[in-house]
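For reference, the structure is listed below as structure tokens.
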Amino acid sequence: MTTLLLGCGPQAQPPDQAPTASADTVTTPTAPTADADAATEPEPEVLAVLPPIAPSAEHPFSILDMLDVDRVSSPALSPDGTRVAYVLRETDMQANKGRTSLWIAALDGGEPRQLDRHPKGLSQPQWSPDAKHIFFLSSRAGTSQVFRIDADTGAVEQITNFPVGVGNLVLSRDASKLAVSAELHPDCPDLACNVTREAAQADTAATGVGYDRLFIRHWDTWKDHRRSQLLIADTSPGTERATIVTHGLDADVPSKPFGGAEEYVFTPDGRGVVFAARDAGGGPGEPWSTNFDLFFAPVDGAKPPVKLTTNPAWDTHPRFSPDGTQLAYVAMQRPGFEADRFRLMTAAWTGEGFEGEPRAVTEAWDRSVGGFEYAADGARVFAAVEDLGRKPLFAIDLSDGQATVVADLDHGTVGELAVGSEKLVITHHDLRHPAELFVVPSTGEGEATRLSHHNDELMARTKVGEPEQFEFVGHGGDTVYGWLVRPVGFDPDKDPNKRYPLAFLIHGGPQGSFGDKFHFRWNAQTYAGAGYATVMIDFHGSTGYGQAFTDSISGDWGGKPLEDLKLGLAHVLKANPWIDGDRACALGASYGGFMVNWIAGNWPERFRCLVNHDGIFDQRMMYYATEELWFPEWEQGGPEYEQSAAYARFNPANHVTDWQTPMLVVHGSLDYRVPVEQGLATFTALQRRGIESRFLHFPDENHWVLSPANSLQWHDEVLRWLAAHLGD
């Protein structure tokens, strides 16, 4: 992730960069199948230049700057390797949404140019093989459809005209076919049937929906018995017909809620697709299974999908070598554990399946490989992989699994990646800088060159805090890492006696990491800009430090991690006497919110205030109310009715009598991962105990706070809470 997402570990990264979800990359969750704004206010025909949000004069970084950052994502390298197309997202505060536009930049320099700026926006640009057109998704026709644009003239042409909205675009190598996903009724053989079914349901006054098995709801959506299914169609303009190639599988393709186009790929000859899916087979086990397999299906739908893998754990992200003779993918080993290590696998490809057994390329490398792309020579792959609080770009040799950091990118976070024969294009960000595009030699040698500068003017007038990574001796004598971000204006020479209050941030996951990245929900600079020293500890259970370190939190949520937080805070205060340890507030979300509740009862005298966003209050009720049951069952050793002692061992509800610290509780009603009743119960306990407390409720937000207006309100409320309790 990386992530503040409880129960969705580093393998299902949420969209930290683009709230549409991180995670910790610029990836987005499954694209909507219809335009979300179609039934609201009419859009202008031409999107005007958006006004600035942050002040024009020099100032400390704040939430206004975070909202004003232009978010660079989705780089797509032209086949000739000379240009990159990408998406730029701006924040429209008046409309309370993000606006996306399409840009092109030449890799040899020059100013990027805007190619398309439609009020309905776009996503997922992909080049045609002749480099003349760029395909993309947009809702400018009413529902989300596929379009293409002339890369020189900007002329737009609609490709698909399906009666349903689609998302998650993938092109075949020759761009004669496309693959997209759509929400469809599993028993409908074609798109027309779905249209008829939806029309009939719309004419019914009754609103009840019956269920015979879980899931009933997932992430932030109630199930309506449709499945995300994979469609194959020609790329001729005006295409209306598509083949449903996943028909018959009891599965969502791509997976929900965060799966996307990375989960499927055309075969090199274009006659089939390989995709990842968790086939429930009509049974009830989907909410407690992480068994995703790879499947092959012919594009004409003449045969049902055939399962390629037999691994009982997670297989995903299939990619074919440039010469088409090899399929690579990533796989876990332990069923039911979403934060297991992803190993890079390869297998010889016959045209419709594997020849021989797949081989684990990175078995000896104790890091988890998520997304990757083949190098042009087919002998290596490139992958951004978490490593000791950072996320560098690695080149992995397929012959021996050796991983080498590419160029000089051993700092910060590499997000997305586009690979050419001689150059790579990446998005890169860190604790001081939002994501921009960089060009990297594909040899892995030399320096990365900055390509885009969309946020230079904003950041030039914005003062940020200086980050520093540190390490200390944590639980069991293990080395534990953390980050300190100094407050804006910190100058010990100018004022050697000044002491600063502390914002102590606790990441979620729990298998996650804040890391050296520019986060769009928990950005350390928003606290540094408000005058706080900001500390983030990658306690036992964090990702990027080896699988044993990640595993160590399971069954021990309130043990080793709390000890690491205590030892880490003591280390920071001793090493930095300018921090006023008596004026400290602990803040966290998801697992971090659980830890805030756990601290309230097990470290109650340490902090002046607490902030709990979407945190667990009662482990027992959490098990019966959450949706992805594989997560608590792995973490606590089984279902609650079989392992009641494990669920009770680290249950904040059992320690309410020791609570004494003022707490701000924040929760969204659309959070079905940690349901809103957990936040309400926390607030009830605080109020009944007579402890100063405040409940901030977002009826329209899920596990994250995504809308610009709500993000602004969230930060205002949190910083107001800190200021009220951490003053001199």
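The structure presented is a predicted model; accordingly, all values stated were derived computationally and were not measured.
For the pair Thr100 (side chain) and Leu122 (backbone), a donor-acceptor distance under 3.5 Å is present. A donor-acceptor pair under 3.5 Å is absent between the side-chain atoms of Gln158 and the main chain of Gln145, judged by distance alone. Although no hydrogens or angles enter the test, the distance criterion places a donor-acceptor pair under 3.5 Å between the side chain of Arg341 and the main chain of Trp365. In terms of modelled atom types and a separation under 3.5 Å, the side chain of Asp68 and the main chain of Ala54 share a donor-acceptor contact. Looking only at distances, a side-chain donor or acceptor of Ser452 sits under 3.5 Å from a matching main-chain atom of Leu437. Not a single donor-acceptor pair under 3.5 Å links the side chain of Thr239 to the backbone N or O of Thr235. In terms of modelled atom types and a separation under 3.5 Å, the side chain of His133 and the main chain of Ile149 share no donor-acceptor contact. Thr362 places no side-chain N or O within donor-acceptor distance of the main-chain N or O of Gly401, the cut-off being under 3.5 Å.
With Phe520 as the aromatic partner, Arg71 meets the cation-pi criteria of under 6.0 angstrom to the ring centre and within 45 degrees of the ring axis.
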| request: Go through the steps to decide whether Gln511 and Ser542 satisfy the test side-chain contact (heavy atoms from CB on, under 4.5 Å), and finish with yes or no. | output: CA-CA 5 Å; Gln511 295 88 358; Ser542 299; over 6 Å; no
| request: Start with the C-alpha gap between Arg450 and Asp456, add the side-chain angles, then the distance that decides, and say whether side-chain contact (heavy atoms from CB on, under 4.5 Å) holds. | output: CA-CA 12 Å; Arg450 177 88 168 269; Asp456 284 5; 2.5 Å; yes
| ring pair (Phe, Tyr, Trp, His ring centres under 6.0 Å) evaluation trace for His429 with His519 | CA-CA 9 Å; His429 54 99; His519 207 292; 9.1 Å; no
| task | Please step through side chain to side chain donor-acceptor pair (under 3.5 Å) for the pair Gln229 and Ser181, ending with a clear verdict. | result | CA-CA 5 Å; Gln229 299 199 48; Ser181 64; over 6 Å; no
| said: Before you tell me yes or no, could you show the steps for Phe382 and Phe372 under ring pair (Phe, Tyr, Trp, His ring centres under 6.0 Å), namely the whole-Å CA-CA distance, both residues' side-chain angles and the distance that decides it to 0.1 Å? | reply: CA-CA 5 Å; Phe382 296 103; Phe372 68 91; over 10 Å; no
| message | Run His454 and Tyr86 through ring pair (Phe, Tyr, Trp, His ring centres under 6.0 Å) and show every step you take. | response | CA-CA 12 Å; His454 288 283; Tyr86 61 97; 5.6 Å; yes
| How far apart are the C-alpha atoms of Leu327 and Phe354, what are their side-chain angles, what is the distance that settles it, and do they pass the side-chain contact (heavy atoms from CB on, under 4.5 Å) test? | CA-CA 8 Å; Leu327 177 73; Phe354 296 161; 3.3 Å; yes
| query | Between Ser228 and Asp252, does a side chain to side chain donor-acceptor pair (under 3.5 Å) hold up when you go through it step by step? | reply | CA-CA 5 Å; Ser228 181; Asp252 286 304; 5.1 Å; no
| Yes or no on ring pair (Phe, Tyr, Trp, His ring centres under 6.0 Å) for Phe136 and Trp127, after CA distance, side-chain angles and deciding distance? | CA-CA 9 Å; Phe136 61 88; Trp127 289 85; over 10 Å; no
| query | Is there a side-chain contact (heavy atoms from CB on, under 4.5 Å) between Val274 and Leu308 once you walk through the steps? | reply | CA-CA 9 Å; Val274 174; Leu308 301 175; 4.0 Å; yes
| request: Given side chain to side chain donor-acceptor pair (under 3.5 Å), test Ser101 with Trp103 step by step and report yes or no. | output: CA-CA 7 Å; Ser101 53; Trp103 291 68; 2.9 Å; yes
| query | Would Asp234 and Ser236 satisfy side chain to side chain donor-acceptor pair (under 3.5 Å), going step by step from the backbone distance to the final call? | reply | CA-CA 6 Å; Asp234 294 333; Ser236 304; 5.1 Å; no
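The closest side-chain heavy-atom distance from Lys423 to Ser442 is not below 4.5 Å. For the pair Thr413/Asp430, no side-chain contact is recorded, criterion being any heavy-atom separation below 4.5 Å from C-beta on. Looking at Ile159 and Phe147, their side chains never come closer than 4.5 Å, going by heavy atoms from C-beta outward. The closest side-chain heavy-atom distance from Phe275 to Leu294 is not below 4.5 Å. A 4.5 Å side-chain heavy-atom check between Asp340 and Gln333 finds at least one atom pair inside the cut-off. Annotation: side chain of Pro441 is not in contact with side chain of Glu447 (no heavy-atom distance under 4.5 Å). Contact of the Thr427 side chain with the Phe438 side chain is not registered, since no non-hydrogen atoms from C-beta on lie closer than 4.5 Å. Contact of the Leu393 side chain with the Leu424 side chain is registered, since non-hydrogen atoms from C-beta on lie closer than 4.5 Å.
In this structure, the separation between NE2 on His411 and NE2 on His428 is 4.0 Å, given to the nearest 0.5 Å. Taken to the nearest 0.5 Å, the OG1 atom of Thr243 stands 10.5 Å off from the CG atom of Leu230. Of the inter-residue distances, the one linking Phe549 atom CZ with Asp366 atom CG reads 12.0 Å to the nearest 0.5 angstrom. A distance of 7.0 Å separates CZ in Arg271 from CD in Glu352, rounded to the nearest 0.5 Å. Atom-to-atom distance recorded for Arg89:CZ and Ser74:OG is 12.5 Å, nearest 0.5 angstrom. The structure places CE of Met536 at 10.0 Å from CD of Gln469, a figure rounded to the nearest 0.5 Å.
Between Glu373 and Arg380 there is no salt bridge, since no side-chain nitrogen of the basic residue lies less than 4.0 Å from a carboxylate oxygen of the acidic one. Between Lys517 and Glu386, no side-chain nitrogen of the basic residue sits less than 4.0 Å from a carboxylate oxygen of the acidic one, so the salt-bridge criterion is not met. Salt-bridge annotation for Arg99 and Asp92: present, with a side-chain N of the basic residue lying under 4.0 Å from a carboxylate O of the acidic one. A salt bridge does not link Asp516 to Arg432: none of the charged nitrogens lies less than 4.0 Å from a carboxylate oxygen. In this structure, Asp315 does not pair ionically with Arg278, as no charged nitrogen and carboxylate oxygen lie closer than 4.0 Å. A salt bridge links Asp152 and Arg83; the closest N-O separation between the charged side-chain nitrogens and carboxylate oxygens is under 4.0 Å.
The six-membered or imidazole ring of Trp704 lies near that of Phe258, with a centre-to-centre distance under 6.0 Å. Aromatic pair Tyr329/Trp314: centroids not less than 6.0 angstrom apart. In this structure, Phe514 has its ring center at least 6.0 angstrom away from the ring center of Trp483. For Tyr264 and His317, the distance between ring centers is not under 6.0 angstrom.
Of all heavy-atom pairs spanning Pro79 and Ser128, the tightest one is CG-O, 3.3 Å. Closest approach of Leu398 and Gly378 over heavy atoms only: CD1-O, 3.5 Å. Between Ala328 and Thr346 the shortest heavy-atom distance is CB-CG2, 4.1 Å.
When each of Leu431, Asn455, Val69 is paired with Phe518, the side chain to side chain contact (heavy atoms under 4.5 Å, CB included) condition holds for Val69 and for no other.
Take Phe470 and apply the ring pair (Phe, Tyr, Trp, His ring centres under 6.0 Å) test, not counting sequence neighbours, and it matches His571. Remark: Asp387 engages Arg367 in a salt bridge (charged side-chain N to carboxylate O under 4.0 Å, His left out) (not counting sequence neighbours).
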